[in-house]
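Computed from a prediction, not measured in an experiment: that's the story for all the values here. Order of listing sets the numbers, starting from 1, for every ligand and every atom in it.
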Amino acid sequence: MGKRVIVIGAGFSGLATATALADQGYAVTILEKNESAGGRARKFETQGFVFDMGPSWYWMPDVFEKYFAQFGKKPSDYYHLIRLDPSYTVIFGSNDAVDLPASLPKLESLFEAMETGAAKQLRSFLKQAAYKYDIGMNTFVWKPSRSIAEFLSFKLLLDVSRLDVLQSFHAHIRKYFKHERILKLMEFPILFLGALPENTPAMYSLMNYAEIALGTWYPMGGMHEIVKAMVQLAQEKGVQINYEEEVQELVIKQDRVQEVVTSTGTYHADAVVAGADYHHVEDRLLKPEYRNYSEHYWQKRTLAPSCVLYYLGVNRRVDKLNHHNLFFDEDFGVHSHEIYTQPQWPSKPLFYVSAPSKTDPAVAPEGCENLFVLIPVAPALAGDTEEIREHYYHMVMERLERYVGHDIRSHVIYKRSYAHSDFIQDYHAFKGNAYGLANTLLQTAFLKPNLKSYKVKNLYYTGQLTVPGPGVPPSLISGLVVAQELNREQGSKV
Ligand SMILES: Cc1cc2nc3c(=O)[nH]c(=O)nc-3n(C[C@H](O)[C@H](O)[C@H](O)COP(=O)(O)OP(=O)(O)OC[C@H]3O[C@@H](n4cnc5c(N)ncnc54)[C@H](O)[C@@H]3O)c2cc1C
């Protein structure tokens, strides 16, 4: 019997770390508070609709390939991926929308039609972005980032300088393009990182490379197919997953977690990996003397936005929508001010609609549409009431209906909303965050909350609040990096 590792939470990071450790011979148990795996990427089914609750963009397919390859598998052993074309649609007004083609030559023509010389500029932009993707995704994100010392080799310092970490993406992109619309299109992937392009290092043009060169994909059946695959692989490796078992306390003796106390029992642990929200683990599961960070530290962190979501089952088709639809039909400056500068409920928010039933007949009954509507909002907003959710529902549906040219609301046969208080209740999310910490310069690599406890010798952290950051691919990487660190440090000692 291998040494016993307890993993808290069956999100992507917890599943990844558990699988990698079980593969190394550890006896691994995941304790998950909810009734199913996936964390923020759970799904629910009702009336013939299958709703992905969180992620809908499958980017960086190479990271998923690498993940499964580590265990001698391929994503195609578990799910069928297709590349979306157009990748997505950006709606600037009722009669004004741009489809982003998957093909690079077509995208170049689209840009050239907006700005003379933009095709050539796009090629040159993508060349440097490809370099950043290579260094960023093949070297940097795999570093445990436990101290600055990891970055102090001459080669890495050279890489850091080429990665443009000190320049903002906002300034960087303006060296290539002038047209307002191209700038908006190129800044969109940066919004995934949870901060304004002004506050995001230019290194993250790697996101544009991911979007344009590597493409937007969709696993048939829905994003939850990834979770299903990871659970199957974890179980093949012998991981035990206990659902509806919330961890309530980590008992520390001689600076080690000795026991993990849950809602239904107590477990002995040789080591623990916390894949639940970092702040929750520190604040609720550990006594103050064993926490890495003070409450003051956490209050000073810049969180990525939270969101208000609507899962809608519609009993008719909505022809004008594509799979991914971004409504940029209001002023981005005002909305971003209301998210980042002066957090408040937004006056006229931009929003996003995913319609996976455009691609996948399995996620809605015949003749119906499965819609997922997402409004980014500031975290920690007070007043997440039914009234406010209804207010925003009607606001965005009015704009959606104006764009598609017909009524949708009277065809909604299933509706569920989800916002801050649900994130807190379901995931113990700090300030109701959806996507963890923003990727600002001061929250990058060794400046993020550390993946290892400074005070408890056998306690590690993984997931979107530690390195390398938020998003499905980074969460997978986080899980693998932590497993490697734990094995290196604890392997022979316990
Ligand atoms: C609405 C939304 C849309 C998104 N869209 C995308 C996208 O399109 N593409 C993309 O790449 N990323 C997207 N993301 C981000 C991505 O989903 C997350 O970064 C990722 O799922 C985080 O995984 P995790 O393992 O860090 O955390 P989580 O998924 O939160 O997993 C943590 C787990 O710990 C459990 N837990 C918490 N406390 C306890 C406890 N005390 N005891 C036991 N278990 C506990 C929770 O129930 C949960 O299952 C989106 C996120 C959201 C919310």
Working for side-chain hydrogen bond (donor to acceptor under 3.5 Å, both in side chains), residues Tyr297 and Glu282: CA-CA 12 Å; Tyr297 168 91; Glu282 291 229 299; over 6 Å; no
Chi angles and distances behind the ring-ring contact (aromatic ring centres under 6.0 Å, His included) call for Phe64, Trp217: CA-CA 12 Å; Phe64 297 88; Trp217 299 77; over 10 Å; no
Residue-ligand contact Pro473/ligand 1, heavy atom below 4.0 Å: yes
Protein heavy atom at shortest distance from atom 52 (C) of ligand 1: Tyr435 CE2, 3.6 Å
Atoms of ligand 1, numbered as shown, that sit under 4.0 Å from any heavy atom of Val472: 10 (C), 11 (O), 12 (N)
Side-chain donor-acceptor pair present, Tyr278, Asn292, cut-off under 3.5 Å: yes
Criterion ring-ring contact (aromatic ring centres under 6.0 Å, His included) on Tyr392 and Phe351, from CA distance to verdict: CA-CA 10 Å; Tyr392 285 110; Phe351 63 101; over 10 Å; no
Ligand-side contact atoms (ligand 1) for residue partner Gly39, heavy atom cut-off under 4.0 Å: 29 (O), 31 (O), 48 (C), 49 (O)
Protein heavy-atom partner closest to atom 23 (O) of ligand 1 - residue, atom, separation in Å: Ser475 OG, 3.5 Å
Check: Cys307 N/O within less than 3.5 Å of ligand 1 N/O: no
Phe372 and Tyr352 aromatic ring geometry - parallel, tilted or perpendicular at 30°/60° bounds: perpendicular
Test item, Gly275 contacting ligand 1 (heavy atom, 4.0 angstrom): yes
Pair Asp384 + Arg389, salt bridge at N-O below 4.0 Å: yes
Structural part of Lys33 in contact with ligand 1, heavy atom criterion under 4.0 angstrom: both
Closest protein heavy atom to atom 26 (O) of ligand 1, given as residue, atom name and distance to 0.1 Å: Gln464 N, 2.9 Å
Location of contacts on Phe423 toward ligand 1, heavy atoms closer than 4.0 Å: side chain
Closest protein heavy atom (residue, atom, distance) for atom 47 (O) of ligand 1: Glu32 OE2, 2.7 Å
Ligand 1 to Gly463 polar contact by distance, N or O atoms, under 3.5 Å: no
Any Ser56 heavy atom less than 4.0 Å from ligand 1: yes
Those atoms of ligand 1 less than 4.0 Å from some heavy atom in Asn34: 47 (O)
Gly38 touching ligand 1 at heavy-atom level, < 4.0 angstrom: yes
Ligand 1 contacted by Asp426 (non-hydrogen, < 4.0 Å): yes
Heavy atom of the protein closest to atom 37 (C) of ligand 1 (residue, atom name, distance): Ala276 CB, 3.3 Å
Phe49, Tyr310, Phe51 screened by ring pair (Phe, Tyr, Trp, His ring centres under 6.0 Å) with Tyr414, the one that passes: Phe51
Check: Ala434 main-chain N/O paired with Gln464 side-chain donor or acceptor under 3.5 Å: yes
Enclosure of Gln484 CD (heavy-atom neighbours >12, cutoff 6.0 Å): no
Ligand 1 contact on Pro55 by region, counting heavy-atom pairs under 4.0 Å: both
Side chain, backbone, both or neither: the part of Val281 lying under 4.0 Å from ligand 1 by heavy atom: neither
Whether Thr466 side chain and Pro449 backbone form a donor-acceptor pair below 3.5 Å: yes
Nearest protein heavy atom with distance in Å, relative to atom 29 (O) of ligand 1: Arg40 N, 2.9 Å
Region of Arg284 engaging ligand 1 - heavy atom pairs below 4.0 Å: neither
Asp277 with Lys431: basic N within carboxylate O range, under 4.0 Å: no
Numbered atoms of ligand 1 (with element) below 4.0 Å of His280, judged on heavy atoms: 38 (N), 40 (C), 41 (N)
N or O pair under 3.5 Å between Ser13 and ligand 1: yes
Which residue and heavy atom of the protein sit nearest atom 9 (N) of ligand 1, plus the separation: Trp57 O, 3.2 Å
Taking atom 40 (C) of ligand 1 as the reference point, the nearest protein heavy atom with its distance: Val247 N, 3.8 Å
Side chain Lys358, main chain Val318, donor-acceptor under 3.5 Å: yes
Exercise: identify the closest heavy-atom pair between Arg146 and Lys452: NH2-CG, 3.3 Å
Parallel, tilted or perpendicular: rings of Tyr427 and Tyr418 (30°, 60°): tilted
Per-residue contact class, Thr462 against ligand 1 - non-hydrogen pairs under 4.0 Å: neither
Under 3.5 Å: donor-acceptor pair, side chain of Asn370, backbone of Val50: yes
